[in-house]
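Input: a single structure, listed below in structure tokens.
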Amino acid sequence: MATLLKNGLVYQDGELVREDVLINGDKIQALGTDLEKIAPDAEIFDLDGKLVAPGLVDIHEHYREPGFTYKETIETGSKAAARGGFTTVCTMPNLNPVPDDVETFRKQVELNEANSCIHLYQYAAITKDETSEEVVDMEALKEAGAFAFSNDGHGVQSAGVMYEAMEKAAKAGLAICEHVQDDSLYHHGVMNAGKKADELGLPGILGVSESAQLARDIMLAKATGVHYHVCHVSTKESVELVRLAKEYGINVTAEAAPHHVLLSEEDIDGNDGYYKMNPPLRSKEDQYAVIEGLLDGTIDLIATDHAPHSREEKAGDMRKAAFGIIGNETAFACMYTALVKNGEMELAQLLDLMSYNPAKLFGLDAGVIAPGKQADLAVLDLDHPEVIQEADYLSKAVNTPFTGNEVYGMTTMTFVSGKLVYRHK
């Protein structure tokens with residue numbers, strides 16, 4: 001049966017248009033008015049002026065299955081993403097077993113397809129077990145369906161290994177998406193090295209541990225021609241390096257995570273594991289540089305780095321807590337409330353950063369509302385506030401300091417291939 005979304009504000013071709021959306025099967029059949037004439041038996045949803053956005057696209061999430069299902073599963077992670085308006089998600093390979101060979105990778109894809117309510121694309125590791133210096137068979141993994149390659153959570157420490165990986169990825173025509181971290185400068189810190197770490201008596205992570213390895217990788221990307229994507233940029237120096245790389249025509253793209261846009265180390269009010277993430281929350285100056293990078297196009301997209309952990313793993317002292325923050329259920333609403341409602345960013349730019357841009361940069365069939373396109377849609381309520389509450393999370397995890405915030409822009413409905421996969425209670 002067809003579905004008709006009436007009285008919505010549709011984001012189409014960079015503009016907001018008051019029109020209806022007719023879904024037939026898994027595709028958008030038509031946009032316009034009086035669409036009941038085309039499908040008189042359609043199920044009708046009156047949206048009452050709510051925003052109809054392309055389904056959001058997140059190229060950086062962690063679903064923990066197999067190996068760590070007490071933190072998250074594919075089912076709970078994908079349902080949480082759907083609640084956040086995401087219809088396409090790319091999942092990282094830090095699993096057990098790591099998808100670093102064809103057999104393991106294919107089993108992972110089968111697991112994803114059997115348990116996800118949204119479109120999932122799977123990363124393969126750059127090196128065996130994510131921590132070795134043995135580069136995987138990238139051509140074979142591409143044939144098996146790899147989205148891209150990443151050792152997320154582990155910076156590739158050897159320049160020679162990264163150069164070999166970039167050469168192979170370039171030949172395969174896929175991207176290297178990297179967590180940049182020079183472990184010799186990391187010093188087993190738990191938060192940003194600075195005044196706040198000194199105040200709390202906690203070991204700090206130097207910003208140069210990120211920017212130094214990024215500088216290396218940019219030059220390697222120039223030499224190999226690979227599409228090199230920088231995960232969760234967090235320092236002003238990293239933003240400037242990406243800006244310079246683009247000016248020199250190097251094929252470098254970058255993402256920012258909502259927590260690095262919306263928070264700084266100054267928001268950490270104590271030794272609280274919920275504020276422990278990697279990269280850590282940086283200085284106000286770094287935060288402003290990340291925001292400026294988004295506004296001027298240096299940073300190409302927003303990705304959540306949704307990283308669920310159990311309550312026990314995040315409780316108490318940051319020295320013992322796990323790194324990571326969840327965010328796929330609240331990313332759009334938090335960003336919209338902080339940036340768009342406050343006048344720092346246009347709604348169209350935020351939607352592009354979270355849908356069209358990632359889809360275009362990585363060749364995904366997403367991010368556009370048009371007849372004939374996949375009916376992947378998010379209906380977002382921009383007018384009514386909602387308080388973020390633990391009881392509402394669909395993720396297994398609750399590790400985020402954004403709980404308790406009042407936000408605008410929460411999802412009311414999400415459609416994936418024309419199927420209603422989430423509806424607000």
Less than 4.0 angstrom from a charged side-chain N to a carboxylate O is my criterion; do Glu390 and Arg311 meet it?
yes

With a 4.0 Å cut-off on N to O distance, would you call Lys246 and Asp300 a salt bridge?
yes

I'd like to know if Asp296 pairs up with Arg243 as an ion pair, taking the criterion as any Lys NZ or Arg NE/NH1/NH2 lying under 4.0 Å from an Asp or Glu carboxylate oxygen.
yes

Just do the ring-ring contact (aromatic ring centres under 6.0 Å, His included) check on Tyr186 and His188 with the steps written out, would you?
CA-CA 6 Å; Tyr186 166 60; His188 301 286; 5.8 Å; yes

With side chains defined as the heavy atoms from C-beta onward, is the minimum distance between Asn94 and Arg64 less than 4.5 Å?
yes

Parallel under 30°, tilted from 30 to 60°, perpendicular over 60°: which one fits the rings of His424 and Tyr422?
perpendicular

So Thr76 and Thr73, side chain to side chain donor-acceptor pair (under 3.5 Å) or not? Walk me through it.
CA-CA 5 Å; Thr76 58; Thr73 65; 3.0 Å; yes

Kindly determine whether Ser395 and Glu72 satisfy side chain to side chain donor-acceptor pair (under 3.5 Å), including the steps that lead there.
CA-CA 7 Å; Ser395 171; Glu72 190 79 287; 2.7 Å; yes

Distance alone, cut at 3.5 Å: any donor-acceptor contact between the side chains of His154 and Thr131?
no

Evaluate side chain to side chain donor-acceptor pair (under 3.5 Å) for Thr414 paired with Thr411, printing each intermediate quantity in order.
CA-CA 7 Å; Thr414 303; Thr411 311; 4.8 Å; no

Can the positive tip of Lys236 be found less than 6.0 Å from the middle of the six-membered ring of Tyr288, inside 45° of the ring normal?
no

Ignoring hydrogens and angles, state whether a donor on the side chain of Thr235 or Ser238 is under 3.5 Å from an acceptor on the partner side chain.
yes

Would you mind reporting whether Asp183 and Ser209 have side-chain heavy atoms less than 4.5 Å apart?
no

Compare all side-chain heavy atoms of Gln29 with those of Ile23 and state whether any distance is below 4.5 angstrom.
no

Any pair counted as salt bridge (charged side-chain N to carboxylate O under 4.0 Å, His left out), so long as it reaches residues 83-111, sequence neighbours left out:
Arg83-Glu329, Arg83-Glu386, Glu103-Lys107

Output, in order, the C-alpha distance, side-chain angles, deciding distance and verdict of ring-ring contact (aromatic ring centres under 6.0 Å, His included) for His179 and His232.
CA-CA 7 Å; His179 174 123; His232 39 49; 4.8 Å; yes

For Gln374 and Ser417, test the side chains for any donor-to-acceptor distance below 3.5 angstrom and give the result as yes or no.
yes

Per side-chain hydrogen bond (donor to acceptor under 3.5 Å, both in side chains), Ser234 is matched among Glu210, His260, Gln287 by Glu210

Verdict with reasoning, His306 to His62, per ring-ring contact (aromatic ring centres under 6.0 Å, His included):
CA-CA 6 Å; His306 175 78; His62 302 266; 8.4 Å; no

Does the distance from a Lys or Arg side-chain N to an Asp or Glu carboxylate O, for Lys71 and Glu313, drop under 4.0 Å?
yes

For residues Ile59 and Ala303, report the shortest heavy-atom separation together with the two atoms involved.
CG1-CB, 4.2 Å

Under the side chain to side chain donor-acceptor pair (under 3.5 Å) criterion, do Thr224 and Glu167 qualify, and how do the steps go?
CA-CA 6 Å; Thr224 59; Glu167 281 196 314; over 6 Å; no

Test your reading of the model: is there a side-chain donor-acceptor pair from Gln157 to the backbone of Gln181, 3.5 Å cut-off?
yes

Measure the acute angle between the ring planes of Phe362 and Phe147, then classify it against the limits of 30° and 60° as parallel, tilted or perpendicular.
tilted

If you define the side chain from C-beta out and look only at heavy atoms, does anything of Val252 sit under 4.5 Å from Val230?
yes

